[in-house]
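Here's the structure we're looking at; comments come further down.
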Amino acid sequence: MSPFDTLADPILAAYPDLARSDLAFSVPPKLNLGDVALRTFEAARKLKMAPPAFAQQLAADVDFGEDVEAVNVAGPYANFKLNRATFGKRIVDAVSDQGTQYGSSGVGRSQKALLEHTSINPNASPHVGRARNAMIGDSLARLFRFEGYDLEVQYYVNDIGRQIAFLVLACEDPAGMSFDDMLQTYADANARAESDPQFAEAGYQLLKDIEEGEPEAQKRFRVVTDLCLKGQVAVLGRLGIKYDRFVRESEFVKDERLEGVLDSLRTKDALFTDEEDRVMVDLKKLGREYDEGRYVALLRSNGSSLYFYRDLAYTMFKLEQDASLNVIVLGEDHLLYMQQLQMILEAAGHGCPEPIYYSYILLKDGKMSTRQAQVILLSDFLDEARSRATEKVDAQCTDLDTKERQAIAEHVAVAAIRFAILRVGANKNVIFDWEQSLSFSGDTGPYVQYSCARIASILRKAESRGEVPAEFTLETDTEWALLAKIDAFGEVVQTAMQQRSCAPVAQYALDLARQFTGFYHDCPVVAAPTEALRASRSTLCAATRQTLDNALHLLGIQPLDRM
RNA sequence: GCCCCGAUAGUUCAGUGGAUAGAACGAGGCCCUCCUAAGGCUUAGACGCAGGUUCGAUUCCUGCUCGGGGCGCCA
């Protein structure tokens, strides 16, 4: 129950021509104006009145009951002064009742959802650019589950194709190799394929062999890609990222699911074999207006499949699962590709997964490239972050044992990277900067964790378990501002769902943590002047912590009790 | 050439068709006999350019400039 709703009802009763969406409530720029503001431009227009006049009339005519202490009009704005204790108790009760579900709208309840993310080549240790996909995907997975969806997260393992073939070819003794060797081997193999036509030819032959089911070739691919996949998943696991199902691309080299699609294309005269014997699709026949991206190749001249063909089959496989939410996280380079895929699927009468695009993380001197071994590896980043965090934790938590301190340091490292990536909009390029990404102060994940630790410390000292007292009291603007912030969480979650992005959640977590810090400095809890205030402030701390926990959970960041 | 995305303080990012555009880092000045200084207070500092729509545009539209991505046997 948001304070805004209880204010809207009497207004709508007094002015039947208005709808809830005409009433724009917000927090006033200064708290001395009021606790909640109503902007009247929209409603006044509908009623054909001047906004200031409407605000005056509304303040005079509408009875808001005893929960509203005053309505002050400032030009086109009506500012409400509320009975803060009453509203405050409602907010704190809501958090207490809903606990880990506080903020969820439950829209996804009893609905199935499918999310594909990461899906990188099993060729080497993931770099932070790739990890952006995984972090965005994982935060969306958490968001969808929080909203009640029954979600399956899929990782499409690109375990076949030209570049994997080169890697497999270069791994003469895969059994004796470690995951850490792979980056260099992969880079070398790609360089060699460029300069050594025989090597490249052998790669294509290997590819053809595996597609034709040659057992020895399959085994070689499997050993290498398994080693890589295991290594990648372990590194991503450090970030708390998990997958429900791994689907191998190699399972889709020949797929009967495509028969229907290909038939539809033939019917529309969109399928043809070009002069070089490739099987192609002409999207112009399906209504594409630009020459750009008009043609799509499905099969090589030697009959082996291309990525598009295999992914089309995999996408059909996903569509068969009939999820009400079917989302895929992709790099911005896949935009045209996805448009093409959608056209083909539409031509065959199918829907298409909903794509979420993200832009690249760039290095100061250009793009990260695994192929050229020009990367910041995620594992290197995490190690460096952990070692910096360890220094601080060791100095500050001297009463904890080494194992506990190490665990905290790892959580801080993960918080730093996840927060740094998730808080910026997905369609913005990020220029990677070591010092900035490793910072633990300011607008960072560790700052939010620090607020959590402070709350935990207060609750330990106050020996409070956070029960809401019968009589909730508060006396300062700071306490009210914190309550208003807590109340806003549900709306933030809805915005995140609409935008398909947890960036608003990250921003919110920061705002809430900062708001709490203001409270921390202004309002003593343990040493509160009265028992009633001590109890209410403890409760407010507990509600803040629950809300922070819920927000951090969506971001995949561990709230800490000590740091 | 064509198609997508971006441009807000020195830097990295938020944000909004309407009240005084928010933070952080960096720079200057302060605060630990006070629930964790990974903190707080304080000073200075910003909507790329040009048009248009609107009572009102940083926000919507068009053009331009700059940056990123893409455009037939890579994935």
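For the numbers below, each heavy atom of this structure counts, side chains included, while hydrogens, waters and symmetry mates do not. Sequence lines set the chain letters: A, B, ... in the order given, protein chains first and strands last, and positions in each chain run from 1.
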Separation of the P atoms in B:G67 and B:C55, to the nearest angstrom: 38 Å

Minimum-distance pair of heavy atoms, taken over all atoms of A:E211 and A:S304: OE1-CA, 3.4 Å

Can B:G48 be described as syn, meaning its chi torsion is within 90° of 0, or is it anti? anti

Would you call B:C32 syn or anti, using the 90° rule around 0? syn

Per the under-4.0 Å heavy-atom filter, residues of residues 494-503 of chain A near RNA chain B come out as none

Base partner of B:U54, which must satisfy Watson-Crick or wobble distances under 3.5 Å: none

Look at the side chain of A:E491 and the backbone N and O of A:A488, then say whether any donor-acceptor pair between them is shorter than 3.5 Å. no

Taking only N/O atoms, report every protein-nucleotides 7-9 of chain B pair under 3.5 Å with atom names and distance.
none

Is the side chain of A:T40 donor-acceptor paired with the backbone N or O of A:A43 at a distance under 3.5 Å, no angle test? no

Rounded to whole Å, how long is the line connecting atom CD1 of A:I361 with atom C1' of B:G69? 15 Å

Strictly by salt bridge (charged side-chain N to carboxylate O under 4.0 Å, His left out), give each pair with a member in residues 435-449 of chain A just once, sequence neighbours left out. A:R388-A:E435, A:R423-A:D443, A:D443-A:R514

When the C1' atoms of B:A75 and B:G70 are compared, how many Å lie between them, rounded to an integer? 14 Å

Grab the CZ-P distance between A:F516 and B:C35 for me, whole Å please. 13 Å

Which residues satisfy the side-chain hydrogen bond (donor to acceptor under 3.5 Å, both in side chains) test with A:N190, sequence neighbours excluded? none

Got a salt bridge between A:E354 and A:R500, using NZ or NE/NH1/NH2 to carboxylate O under 4.0 Å? yes

If I take atom CZ in residue A:R288 and atom P in nucleotide B:C2, what distance separates them, rounded to the nearest angstrom? 15 Å

Dump the pairs, protein N or O against N or O of nucleotides 60-68 of chain B, anything under 3.5 Å, distances to one decimal.
{"residue": "B:G68", "atom": "O4'", "partner": "A:N429", "partner atom": "OD1", "Å": "3.4"}
{"residue": "B:G68", "atom": "O2'", "partner": "A:E332", "partner atom": "OE2", "Å": "3.3"}
{"residue": "B:G68", "atom": "O2'", "partner": "A:N429", "partner atom": "OD1", "Å": "3.3"}
{"residue": "B:G68", "atom": "O2'", "partner": "A:N429", "partner atom": "ND2", "Å": "3.1"}

A:L512 atom CG is separated from B:G22 atom P, nearest whole Å, by 20 Å

Any protein N or O atoms within reach of nucleotides 38-41 of chain B? Criterion: under 3.5 Å, listing atom names and distances.
{"residue": "B:A38", "atom": "OP1", "partner": "A:Q396", "partner atom": "NE2", "Å": "2.9"}
{"residue": "B:A38", "atom": "OP1", "partner": "A:Y450", "partner atom": "OH", "Å": "3.3"}
{"residue": "B:A38", "atom": "OP2", "partner": "A:Q396", "partner atom": "NE2", "Å": "3.4"}
{"residue": "B:A38", "atom": "O4'", "partner": "A:K392", "partner atom": "NZ", "Å": "3.1"}
{"residue": "B:A38", "atom": "N7", "partner": "A:Q396", "partner atom": "OE1", "Å": "3.2"}
{"residue": "B:G39", "atom": "OP1", "partner": "A:G442", "partner atom": "N", "Å": "3.1"}
{"residue": "B:G39", "atom": "O2'", "partner": "A:R454", "partner atom": "NH1", "Å": "3.0"}
{"residue": "B:G39", "atom": "O2'", "partner": "A:R454", "partner atom": "NH2", "Å": "3.2"}
{"residue": "B:G39", "atom": "O2'", "partner": "A:H521", "partner atom": "NE2", "Å": "3.0"}
{"residue": "B:G40", "atom": "OP1", "partner": "A:Y447", "partner atom": "OH", "Å": "3.0"}
{"residue": "B:G40", "atom": "O4'", "partner": "A:H521", "partner atom": "NE2", "Å": "3.2"}

Contacts of type side-chain hydrogen bond (donor to acceptor under 3.5 Å, both in side chains), residue A:R130, not counting sequence neighbours: none

Check every strand shown and say whether A:Y290 touches a base, only sugar-phosphate, or nothing at a heavy-atom separation below 4.0 Å. sugar-phosphate

Within the sub-3.5 Å range, which N or O atoms of nucleotides 71-73 of chain B have a protein N or O partner, and how far apart are they?
{"residue": "B:C71", "atom": "O2'", "partner": "A:G293", "partner atom": "N", "Å": "3.1"}
{"residue": "B:G72", "atom": "O2'", "partner": "A:R278", "partner atom": "NH1", "Å": "3.3"}
{"residue": "B:C73", "atom": "O2'", "partner": "A:R300", "partner atom": "NE", "Å": "2.9"}
{"residue": "B:C73", "atom": "N3", "partner": "A:S301", "partner atom": "OG", "Å": "3.0"}
{"residue": "B:C73", "atom": "N4", "partner": "A:E276", "partner atom": "OE1", "Å": "3.4"}

Pairs where residues 28-38 of chain A contributes a residue and the test salt bridge (charged side-chain N to carboxylate O under 4.0 Å, His left out) is met, not counting sequence neighbours: A:D35-A:R84

My understanding is that a pair needs two contacts under 3.5 Å, Watson-Crick or G-U wobble. By that rule, which nucleotide pairs with B:A24? B:U11

Could you identify the nucleotide paired to B:C49, looking across every strand shown and requiring Watson-Crick or G-U wobble geometry with both distances under 3.5 Å? B:G63

Is it true that A:F516 and A:F519 have ring centroids separated by less than 6.0 Å? yes

Measure the OH-CD distance between A:Y156 and A:E249 for me, rounded to the nearest 0.5 Å. 4.0 Å

Under 4.0 Å between any heavy atoms, over every strand shown, what does A:R45 touch: base, sugar-phosphate, or nothing? Just pick one. base

Should the pair A:F166 and A:Y204 be assigned to parallel (<30°), tilted (30 to 60°) or perpendicular (>60°) ring geometry? perpendicular

Quiz item: A:D159 side-chain donor-acceptor pair to B:A75 base, under 3.5 Å: no

In this structure, is the centre-to-centre distance between the rings of A:Y337 and A:F308 below 6.0 Å? yes

side-chain hydrogen bond (donor to acceptor under 3.5 Å, both in side chains) partners for A:N79, two or more places apart: none

Salt-bridged, A:R545 to A:D549, with N to O below 4.0 Å? yes

Qualifying ring-ring contact (aromatic ring centres under 6.0 Å, His included) pairs with a residue from residues 27-48 of chain A, counting only residues at least two apart or across chains: none

By the 4.0 Å heavy-atom rule, please label A:C523 as base, sugar-phosphate, or nothing. base

With sequence neighbours left out, the residues meeting side-chain hydrogen bond (donor to acceptor under 3.5 Å, both in side chains) with A:D269 are none

